[in-house]
Amino acid sequence: AALRAILLSAPIPGGRGDGYCDDAGLDDYLEEELLEQQEEEESGRQHQQQFDENNAEEDPGDINELLIDGVPPNAYLLWEALPRHADTLRTLRYRRDLRLCGQTDHIEGTDLESPTVPEVYQPRVALNAFQNWQETIRVTAFPAGVSGSIGGGGQQGGGVLSALFKRFPPLPQILSILLGVVPPAIATNASLAWSEGLLMELLYARPDIMPEDIATRAQVAMSKEGGGGGGSLQDIILSIMNGSAGQVVQTMFSLCGGSSGAALPATMTSLLCNLLVDAGCISPQNDSSTKLNIQTELLLLAAESILSSFSVQEQSDVGVRTTVRFLLPHAPPKRAPRTAANTDSITEVDIIYEPRIAAMIAEALSHRLPTTDAEARDLLQLCEGPIQLGSVIIADACESLAFSRASHYSSNGNLTHEAHWLLRGMEVQSCWLPSDRQRTLGFASRRHFDSLCERSAHGLISMLSIAAVTNFSKNGMTEKQEKDISTVLRAAEDVLEGVLQDDVMATTLKGHVEANLLKYAVDIALSDAQGDTVQVATDIVHCLEERCSSEDSGGVVSTLADPKVYTDLLDIAFAILVKEDETWKGGPMEFATCAFTIHGMHILMARLTQLLSWEGVICSSHESSPSPVSKRLSAAREEYFNAMRVAFCKGLMHAFVSNKQPTATNASKKKESIEVSLEEEMELMLSPCI
């Protein structure tokens with residue numbers, strides 16, 4: 001019992017080694033917040049029994065039990081910088097363990113703050129408790145003196161531990177060390193390392209030594225080892241202990257594997273350098289004249305080591321993600337106000353960051369083809385912060401990640417997912433970057449998205465045109481043609497579904513030409529299947545009418561539809577007008593109907609005139625003979641265009657008679673109708689075309 005009391009009451013720096021004395025941990029502040037939160041929750045429950053008896057922890061006992069007079073059980077905390085704060089944390093841990101084992105009744109006897117513990121470190125108070133403890137050891141184990149007891153094998157002195165000394169002969173030497181006296185047999189032992197001798201001196205002979213004096217005592221301990229000669233490693237250790245923090249990085253790099261290319265030592269060397277730089281112990285640059293930054297160089301070396309190490313193990317996905325997470329804290333650009341030296345800058349703030357680190361992240365991402373959507377999504381989320389701060393090079397790399405997933409789905413024929421990932425790449429460039437660095441809908445993703453929408457729309461319009469022309473024949477469409485139309489329509493709907501499901505890009509794509517063309521093409525197909533010719537006519541006019549583009553395009557006048565599908569859209573309109581004319585069959589004019597308005601017929605005639613001029617068969621209104629560049633169409637083609645012109649003229653006549661502004665029957669496709677008088681429509685039609 002006496003030996004147990006001596007060992008458990010030891011007031012030395014570091015404490016008794018249990019779970020209540022690790023107060024120097026880096027994460028203590030996190031544990032303290034959690035413990036305080038638990039304490040508040042438990043106090044609100046009025047100490048109800050809230051534990052599982054099957055999983056109850058072991059009873060921690062009474063850690064406040066006084067074992068030696070004059071040495072409180074928490075005396076080891078007196079060596080801490082903030083003893084009272086450390087004692088509070090110790091008590092919180094103890095109260096938590098009491099709750100876990102069901103001993104809630106014992107909590108009442110523990111105070112969170114002890115008034116006997118000083119607020120800050122006081123050397124005299126700590127040393128007084130330490131000397132009381134050593135005096136207790138001396139009186140208990142060596143009443144006749146330490147030297148006599150050790151020399152007599154523990155048989156002299158008559159202490160209470162005499163029986164233990166006989167059973168365990170090394171025990172007197174151990175207790176002598178606790179008194180700060182190293183026995184000659186141990187001090188002269190060749191196997192005793194200098195670090196062991198230094199540790200015994202610091203803990204049991206000089207616990208109150210100042211930190212700046214430890215290097216001197218270490219040098220003395222080293223000189224006693226090996227006849228006073230010191231090796232190169234010992235010199236390095238002394239240099240580090242004397243405050244040469246740069247020597248730490250150099251040693252880690254040269255002797256501990258930092259330059260070997262292995263991931264772990266290279267990473268540890270880089271992280272240690274970062275800590276020393278953040279603490280102000282070393283400067284990342286030797287002098288202002290050199291551009292070499294040791295912190296950046298070590299970060300890049302560690303990143304390359306991580307990539308290569310995981311690549312060899314065929315875990316490239318883990319390597320890329322680890323590298324990105326490792327470099328990201330040093331990659332975000334910082335926004336700084338402009339100084340007098342750069343007042344000519346375009347933006348109001350300057351971007352300050354290490355471009356080589358951002359380039360390394362971009363390189364790692366660009367060389368990676370994600371195998372799953374989850375991997376690509378995770379990498380994009382990791383890089384969102386630096387991109388929002390203005391890192392354009394990382395944004396380009398993230399767009400390539402999204403484009404790689406879109407290419408994967410393109411090869412599999414999954415158009416919905418292809419459109420989704422192309423939109424993700426466009427989102428990175430047009431939404432994540434700051435407004436002064438945004439690229440309108442991106443680069444590669446935008447080009448392929450435009451092409452995807454345009455191909456889908458053109459394919460659907462072409463098939464609808466074929467169906468419209470085929471309806472003129474008596475045989476109608478074949479089963480193969482119907483199947484082809486269904487396939488093309490399904491593909492266009494898949495692309496449109498991927499666009500409409502994207503809430504983030506919906507606003508950005510409001511004026512997008514290709515996406516709107518695809519929407520109208522699908523509307524034409526669905527309305528045609530439902531027999532809603534009015535909606536079909538409205539959508540055709542939207543595709544063919546000229547409109548002024550945005551200011552970014554310089555005010556260019558264009559149509560939604562590409563000129564190469566003018567013929568297909570006119571074929572569909574021709575089929576509608578022919579069918580209406582057959583339904584009318586020369587009846588009374590007041591019963592004539594037309595799916596197109598006068599404005600719509602004006603658009604159809606303007607596009608037909610434009611198309612025929614491209615064919616070289618239109619004469620100028622001021623010439624009496626055809627233009628020399630005119631070319632002769634085939635008889636069937638010429639007959640077809642003549643029939644189309646006649647149908648458009650009849651349609652215009654019917655539009656004059658009906659003089660209506662039809663609206664779509666589908667509620668989701670309704671638009672604001674504008675009342676236009678007959679005179680206004682006539683003026684619009686007869687005005688010169690742009």
Side-chain angles (χ1 to χ4, degrees), residues 406 414-424 426-427 430 440-441 445-465 467-468 485-550 553 558-566 568-573 576 595-596 600 603 607 662-673:
N414 192 330
L415 299 180
T416 301
H417 284 73
E418 180 185 1
H420 169 79
W421 281 105
L422 288 175
L423 290 173
R424 296 286 68 73
M426 296 162 63
E427 178 188 358
S430 58
T440 305
L441 300 180
S445 297
R446 192 247 173 96
R447 291 196 298 270
H448 284 77
F449 179 76
D450 293 351
S451 176
L452 177 63
C453 292
E454 193 174 50
R455 286 198 318 269
S456 302
H458 288 181
L460 182 57
I461 292 174
S462 178
M463 294 303 298
L464 292 174
S465 172
I485 291 179
S486 300
T487 302
V488 175
L489 176 59
R490 192 177 303 110
E493 285 181 326
D494 289 343
V495 177
L496 186 60
E497 180 183 1
V499 176
L500 296 179
Q501 288 179 352
D502 198 306
D503 298 332
V504 177
M505 295 295 292
T507 305
T508 308
L509 293 175
K510 183 175 292 185
H512 190 264
V513 174
E514 289 77 9
N516 281 280
L517 175 62
L518 176 62
K519 174 183 176 299
Y520 285 123
V522 173
D523 285 349
I524 290 173
L526 296 178
S527 300
D528 182 62
Q530 297 171 359
D532 188 357
T533 57
V534 175
Q535 183 61 46
V536 174
T538 303
D539 292 332
I540 290 175
V541 172
H542 277 298
C543 293
L544 292 177
E545 67 180 340
E546 293 176 331
R547 55 178 54 81
C548 186
S549 301
S550 61
S553 303
S558 62
T559 60
L560 281 182
D562 190 270
K564 58 187 176 184
V565 295
Y566 282 177
D568 296 329
L569 290 171
L570 291 177
D571 288 341
I572 300 172
I576 293 175
F596 294 91
I603 297 300
R607 296 293 83 76
T663 57
T665 57
N666 192 342
S668 63
K669 301 176 183 176
K670 288 184 178 181
K671 300 179 175 61
E672 277 189 40
S673 59

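These numbers come from a predicted model, not from an experiment.
Of the inter-residue distances, the one linking Lys519 atom NZ with Cys453 atom SG reads 13.0 Å to the nearest 0.5 angstrom. For the atom pair Arg547 CZ and Ser558 OG, the distance stands at 7.5 Å (nearest 0.5 Å). Taken to the nearest 0.5 Å, the CG atom of Leu544 stands 11.0 Å off from the CG atom of Asp539. To the nearest 0.5 Å, atoms CZ (Arg455) and OG (Ser462) are separated by 14.5 Å. For the atom pair Asp523 CG and Asp528 CG, the distance stands at 12.0 Å (nearest 0.5 Å). With values rounded to the nearest 0.5 angstrom, Ile540 atom CD1 is found 10.5 Å from Gln535 atom CD.
At least one side-chain heavy atom of Cys543 sits under 4.5 Å from a side-chain heavy atom of Leu517. Using a 4.5 Å heavy-atom threshold, the side chains of Ser430 and Met505 count as touching. Residues Glu545 and Arg607 form no side-chain contact, since every pair of their non-hydrogen atoms from C-beta on lies 4.5 Å or further apart. Ile524 has its side chain within reach of Leu569: a pair of non-hydrogen atoms, C-beta onward, lies under 4.5 Å apart.
Across all non-hydrogen atoms, the minimal contact from Phe596 to Ala537 is CE2-CB, 3.4 Å. Across every non-hydrogen atom of Ala561 and Tyr566, the tightest pair is O-CE2, 3.7 Å. Considering all non-hydrogen atoms of both residues, Ala467 and Ile485 come closest at CB-CD1, 3.6 Å.
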Mind listing the side-chain donor-acceptor pairs of residues 488-500 below 3.5 Å, one per line with the distance, residues two or more places apart or on another chain?
unit_1 : atom_1 : unit_2 : atom_2 : d
Glu497 : OE2    : Gln501 : NE2    : 2.9

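For the residue pair Asn414 and Glu418, no side-chain donor N or O sits within less than 3.5 Å of a side-chain acceptor on the partner.
By the 6.0 Å contact criterion, NE2 on His420 is enclosed, its count of non-hydrogen atoms from other residues, nucleotides or ligands being greater than 12.
Under the salt bridge (charged side-chain N to carboxylate O under 4.0 Å, His left out) criterion, Glu454 pairs with no residue, sequence neighbours left out. Under the rule for a side-chain hydrogen bond (donor to acceptor under 3.5 Å, both in side chains), the partners of Asp568 that lie at least two apart in sequence or sit in another chain are Ser465. For Glu514, the salt bridge (charged side-chain N to carboxylate O under 4.0 Å, His left out) criterion is met by no residue, not counting sequence neighbours. Qualifying salt bridge (charged side-chain N to carboxylate O under 4.0 Å, His left out) partners for Asp450, counting only residues two or more places apart in sequence or in other chains: Arg446.
Residue pairs meeting the ring-ring contact (aromatic ring centres under 6.0 Å, His included) criterion with at least one member in residues 486-513, sequence neighbours excluded: Phe449-His512.
Counting only distance, with no hydrogens or angles, the side chain of Ser456 and the backbone of Leu452 share a donor-acceptor pair below 3.5 Å.
When Asp562, Leu560, Thr559 are each tested for a side-chain contact (heavy atoms from CB on, under 4.5 Å) with Val513, only one passes: Leu560.
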